[in-house]
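Structure first, then comments.
Atom set for the values below is all heavy atoms of this structure, side chains included, hydrogens, waters and symmetry mates excluded.
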Amino acid sequence: MPKYAYKEINFRPDSLRLIAIINSVIEEYTAQGYDLTLRQVYYQLVARDYIPNNERSYKNTGNLINDARLAGLIDWTAIQDRTRNIRQNSHWSSPASIMSSALYSYAIDTRKDQPNYIEVWVEKDALIGIVQQIASTLDVPCFSCRGYVSASEMWSAAQRFIGQDPSGKDMTRDIADRLELFGADVEVQRIALNWDQIDEFNPPPNPAKLSDSRAGAYIEEFGTESWELDALEPKVLTKLIRTHVADLTDAGLLERASAKEKQDKVELELVKDNWHDAVDLLRDAGY
């Protein structure tokens with residue numbers, strides 16, 4: 001892991017202890033194959049009672065992590081900013097080399113013949129990396145709502161569902177209502193965060209957002225506390241998605257589709273490994 005020092009910073013002993021704890025959290029996530037956002041690190045520290053749960057604490061954690069990275073104490077690649085990414089063209093060293101990329105990228109729609117069309121939606125963009133990792137494994141699309149979904153994105157989603165024939169709590173209701181408005185017959189299942197998971201995993205609570213126009217109805221039904229999905233362990237989210245998708249999947253159809261994809265890749269690899277011979281053969285044939 002790259003830890004590069006750019007500044008010499010004299011940390012207080014309690015700051016050094018917290019940096020060590022942050023690194024242990026990072027190591028836990030990395031061992032499970034997950035990247036982290038700053039908010040996920042913060043909630044793990046809150047859940048383990050190392051820091052209080054408030055806005056000032058969040059800002060202090062961010063400042064400490066920034067300083068620790070500059071001082072070479074925290075890996076620069078361990079914490080991801082998923083909202084800002086560079087875009088650039090792909091390049092290859094030769095026509096043969098692109099075949100390796102094609103082989104890696106090749107995939108059929110293994111769920112084309114499934115009785116249920118499934119999408120996994122998550123409210124927060126900060127969690128899309130975790131959701132996308134398991135969704136990709138299961139070959140189901142995923143979507144980051146980023147709060148309440150825009151009318152254009154909701155209309156596009158409805159068209160996908162029609163083609164397939166298939167802020168928290170209030171957002172689930174909003175999604176179902178607007179998909180129905182646009183003519184999509186869709187069952188929306190809220191798989192997290194629910195009361196049973198709050199009882200089981202005991203994530204740290206936040207005060208309800210009193211400035212939100214829906215705060216009154218929320219407080220009347222659920223009380224003055226709210227909970228963030230970020231506070232759940234990635235392995236918990238992954239298991240929830242895997243379990244619910246499996247319940248809606250025909251395993252036999254999926255196995256046959258996966259076998260076909262595997263055979264297609266064998267044939268692609270054959271072409272890749274014999275690229276120059278294939279080109280010579282075509283040239284000899286007059287192409």
Side-chain angles (χ1 to χ4, degrees), residues 29 32-40 43 80-87 105 107-194 197 203 212 214 226-250 254 257 261:
Y29 274 65
Q32 297 175 61
Y34 298 113
D35 294 324
L36 285 152
T37 64
L38 170 59
R39 185 162 288 274
Q40 287 168 326
Y43 273 117
Q80 304 294 317
D81 181 348
R82 298 191 179 113
T83 62
R84 300 172 180 86
N85 296 287
I86 190 170
R87 272 80 169 173
S105 302
I108 66 172
D109 184 356
T110 58
R111 293 185 170 272
K112 180 181 178 181
D113 298 324
Q114 286 289 323
N116 298 298
Y117 173 74
I118 305 167
E119 290 190 10
V120 180
W121 289 26
V122 62
E123 175 197 346
K124 288 190 162 186
D125 196 54
L127 291 172
I128 192 62
I130 292 171
V131 172
Q132 188 172 16
Q133 187 168 327
I134 180 60
S136 177
T137 300
L138 299 172
D139 199 14
V140 295
C142 60
F143 175 68
S144 169
C145 298
R146 296 188 177 184
Y148 280 81
V149 185
S150 67
S152 58
E153 285 294 342
M154 191 64 78
W155 183 87
S156 296
Q159 305 316 299
R160 290 198 304 275
F161 292 128
I162 291 169
Q164 295 290 341
D165 292 324
S167 116
K169 190 78 175 176
D170 184 63
M171 290 181 189
T172 305
R173 186 273 316 157
D174 176 71
I175 289 169
D177 287 353
R178 289 205 282 163
L179 286 173
E180 183 179 355
L181 172 67
F182 293 131
D185 183 14
V186 177
E187 178 185 352
V188 179
Q189 294 185 13
R190 180 186 177 88
I191 66 173
L193 191 60
N194 297 319
Q197 294 149 359
D212 193 310
R214 292 164 291 273
S226 63
W227 294 264
E228 296 286 351
L229 189 61
D230 312 57
L232 287 186
E233 289 275 2
K235 61 185 177 184
V236 173
L237 295 177
T238 296
K239 184 178 179 181
L240 285 168
I241 294 171
R242 188 186 300 278
T243 299
H244 281 77
V245 169
D247 288 343
L248 298 169
T249 298
D250 183 315
L254 184 62
E261 180 180 277

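Exactly one residue among Thr110, Val245, Ile108 makes a side chain to side chain contact (heavy atoms under 4.5 Å, CB included) with Asp139. That residue is Thr110.
Under the 4.5 Å side-chain criterion, counting only non-hydrogen atoms from C-beta, Tyr34 is not in contact with Gln40.
Within a 6.0 Å sphere centred on CD of Gln132, other residues, nucleotides and ligands contribute 12 heavy atoms or fewer. At most 12 non-hydrogen atoms from other residues, nucleotides or ligands lie less than 6.0 angstrom from CH2 of Trp155.
Considering all non-hydrogen atoms of both residues, Arg242 and Leu138 come closest at CA-CD1, 3.8 Å. Between Pro203 and Trp227, the closest heavy-atom pair is O-CD1, 3.3 Å. Of all non-hydrogen atoms in Gln32 and Gln133, the two that sit nearest each other are O-NE2, 4.5 Å.
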Could you walk me through whether Asp113 and Asp250 satisfy the side-chain contact (heavy atoms from CB on, under 4.5 Å) test, starting with their C-alpha distance in whole Å, then the side-chain angles of each, then the deciding distance to 0.1 Å, before giving a yes or no? CA-CA 9 Å; Asp113 298 324; Asp250 183 315; over 6 Å; no
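Residues satisfying the side-chain hydrogen bond (donor to acceptor under 3.5 Å, both in side chains) criterion with Ser105, sequence neighbours excluded, are absent altogether. Remark: Ser136 pairs with no residue by the side-chain hydrogen bond (donor to acceptor under 3.5 Å, both in side chains) rule, at least two apart or across chains. Take Arg39 and apply the side-chain hydrogen bond (donor to acceptor under 3.5 Å, both in side chains) test, not counting sequence neighbours, and it matches no residue. Under the side-chain hydrogen bond (donor to acceptor under 3.5 Å, both in side chains) criterion, Asp177 pairs with Arg173, not counting sequence neighbours. When the ring pair (Phe, Tyr, Trp, His ring centres under 6.0 Å) test is applied to Tyr29, no partner is found at least two apart in sequence or on another chain. Under the salt bridge (charged side-chain N to carboxylate O under 4.0 Å, His left out) criterion, Glu261 pairs with no residue at all, not counting sequence neighbours.
Atom CZ of Arg111 sits about 3.5 Å away from atom OG1 of Thr249, to the nearest 0.5 Å. Separating the CG atom in Leu193 from the CD atom in Glu228 is a distance of 9.0 Å, to the nearest 0.5 Å. Between Glu187 atom CD and Ile118 atom CD1 the span is 10.5 Å, to the nearest 0.5 Å. Atom CD of Gln197 sits about 5.0 Å away from atom CG of Leu240, to the nearest 0.5 Å. Remark: Thr37 OG1 to Ile128 CD1 distance equals 12.5 Å, nearest 0.5 Å. Distance CE/Met154 to CD1/Ile175: 5.0 Å, rounded to 0.5 Å.
No donor-acceptor distance shorter than 3.5 angstrom exists from the side chain of Glu119 to the backbone of Ala157, with no hydrogens or angles considered.
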